[in-house]
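Structure record follows, encoded as structure tokens.
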Amino acid sequence: MDDRIDRFFLLMMFFFVIPHFFPAATYHSRAFKGFFKNFGSLARILVFFVFAHYVLTFILRKKYVDRWIAKLKPVVITFSRWARQWHVPAAITVFGLVVIHAVCAFLYGWKWDWSNMTGLLALLCLVPIAVTGFMRYKKLDRKWHFRLGIGFAVLFILHAFL
């Protein structure tokens with residue numbers, strides 16, 4: 001219980017106390033824009049790692065590896081196990097980085113443009129993914145985690161690359 005209280009106060013300090021130590025002009029500077037874009041870039045790298053779990057599982061289930069070189073299959077299986085093992089920790093890290101990126105983007109200034117809209121839609125799609133991921137762990141979801149993940153992937157690619 002004490003650990004939850006500590007995390008709660010740490011989050012409150014991050015979102016409410018620390019921003020008051022910086023003048024408002026700091027949020028509209030070029031340096032701050034680079035600062036919050038770095039969080040997005042880190043999240044982008046980890047998102048592709050999280051997606052690798054699904055891609056490798058798809059390749060193994062459809063037996064595409066059997067058509068390729070026979071020595072490649074153990075390598076793909078090893079990478080698939082590794083991606084499955086690190087899927088959840090990487091996804092939690094991505095969620096945290098994306099939330100920080102979004103909060104900083106709102107502090108920088110909101111504009112009704114393509115990048116901000118697709119980023120907001122991707123964030124709104126990412127929140128239910130975390131909930132359905134927990135439900136997936138408890139065997140309660142009906143493929144919603146995967147479906148929302150595909151939606152997030154499309155919105156994320158639109159946000160990051162267009």
Side-chain angles (χ1 to χ4, degrees), residues 1-19 32-65 68 71-108 115-162:
M1 185 70 177
D2 290 331
D3 190 38
R4 288 183 183 174
I5 293 171
D6 292 343
R7 280 186 272 167
F8 175 75
F9 283 117
L10 186 65
L11 283 172
M12 292 299 113
M13 190 171 78
F14 178 77
F15 286 115
F16 296 112
V17 176
I18 291 176
F32 186 72
K33 184 176 182 179
F35 172 74
F36 79 82
K37 282 193 170 196
N38 285 337
F39 285 111
S41 297
L42 290 171
R44 180 182 346 175
I45 294 167
L46 284 175
V47 161
F48 286 118
F49 179 77
V50 171
F51 291 156
H53 168 63
Y54 294 112
V55 172
L56 292 171
T57 304
F58 178 78
I59 287 172
L60 289 171
R61 283 190 182 165
K62 294 293 183 178
K63 299 184 180 178
Y64 290 133
V65 182
W68 301 338
K71 293 183 179 183
L72 189 62
K73 187 172 184 175
V75 174
V76 173
I77 289 172
T78 303
F79 282 142
S80 177
R81 285 182 188 150
W82 194 62
R84 182 178 183 211
Q85 180 182 6
W86 288 97
H87 175 79
V88 173
I92 291 170
T93 307
V94 164
F95 186 77
L97 289 171
V98 167
V99 167
I100 292 171
H101 174 72
V103 167
C104 291
F106 280 114
L107 288 173
Y108 181 72
S115 181
N116 286 341
M117 291 304 296
T118 55
L120 181 63
L121 290 173
L123 178 67
L124 292 176
C125 191
L126 185 63
V127 172
I129 288 175
V131 173
T132 57
F134 181 73
M135 291 171 62
R136 182 85 185 142
Y137 176 72
K138 295 288 188 179
K139 308 275 194 252
L140 294 174
D141 85 324
R142 296 187 175 113
K143 297 188 179 182
W144 279 105
H145 186 70
F146 181 72
R147 292 173 185 160
L148 288 168
I150 291 173
F152 172 73
V154 169
L155 290 168
F156 168 76
I157 289 171
L158 289 174
H159 173 68
F161 297 110
L162 293 181

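The structure presented is a predicted model; accordingly, all values stated were derived computationally and were not measured.
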Minimum side-chain heavy-atom gap Y108-K37 below 4.5 Å: no
Residue from V94, V98, L42 passing side-chain contact (heavy atoms from CB on, under 4.5 Å) with V47: V94
Gap separating the CG atom of L123 from the CG atom of N116, nearest 0.5 angstrom: 12.0 Å
Spatial distance of atom CG (L97) from atom CD1 (I92) [nearest 0.5 Å]: 12.0 Å
Heavy-atom check, side chain of F48 versus side chain of V55, under 4.5 Å: no
F49 versus A90, closest heavy-atom pair with distance: CD2-CB, 3.8 Å
Residue pair F51 / G149: nearest heavy atoms and the distance that separates them: CE2-O, 4.3 Å
Closest non-hydrogen atom pair, C125 against G151: SG-C, 4.0 Å
Within 6.0 angstrom of F134 CZ, more than 12 heavy atoms from elsewhere: no
Spatial distance of atom CG (L158) from atom OG (S115) [nearest 0.5 Å]: 10.5 Å
Considering all heavy atoms, the nearest T132-W144 contact: CG2-CB, 4.0 Å
Atom pair CH2/CD of W82 and Q85 - distance to nearest 0.5 Å: 9.0 Å
Distance, nearest 0.5 Å, that separates OG1 of T93 from CD1 of I45: 13.0 Å
Heavy-atom pair with the smallest gap, counting every atom of A52 and A83: C-CB, 4.5 Å
R147, CZ: over 12 other non-hydrogen atoms inside 6.0 angstrom: yes
Heavy-atom pair of closest approach, residues V50 and A91: CG2-N, 3.7 Å
H53 vs W86 side-chain heavy atoms within contact, under 4.5 Å: no
Interatomic distance, L56 atom CG to H87 atom NE2 [nearest 0.5 angstrom]: 12.0 Å
Trace of the side chain to side chain contact (heavy atoms under 4.5 Å, CB included) decision for F39 with V99: CA-CA 9 Å; F39 285 111; V99 167; over 6 Å; no
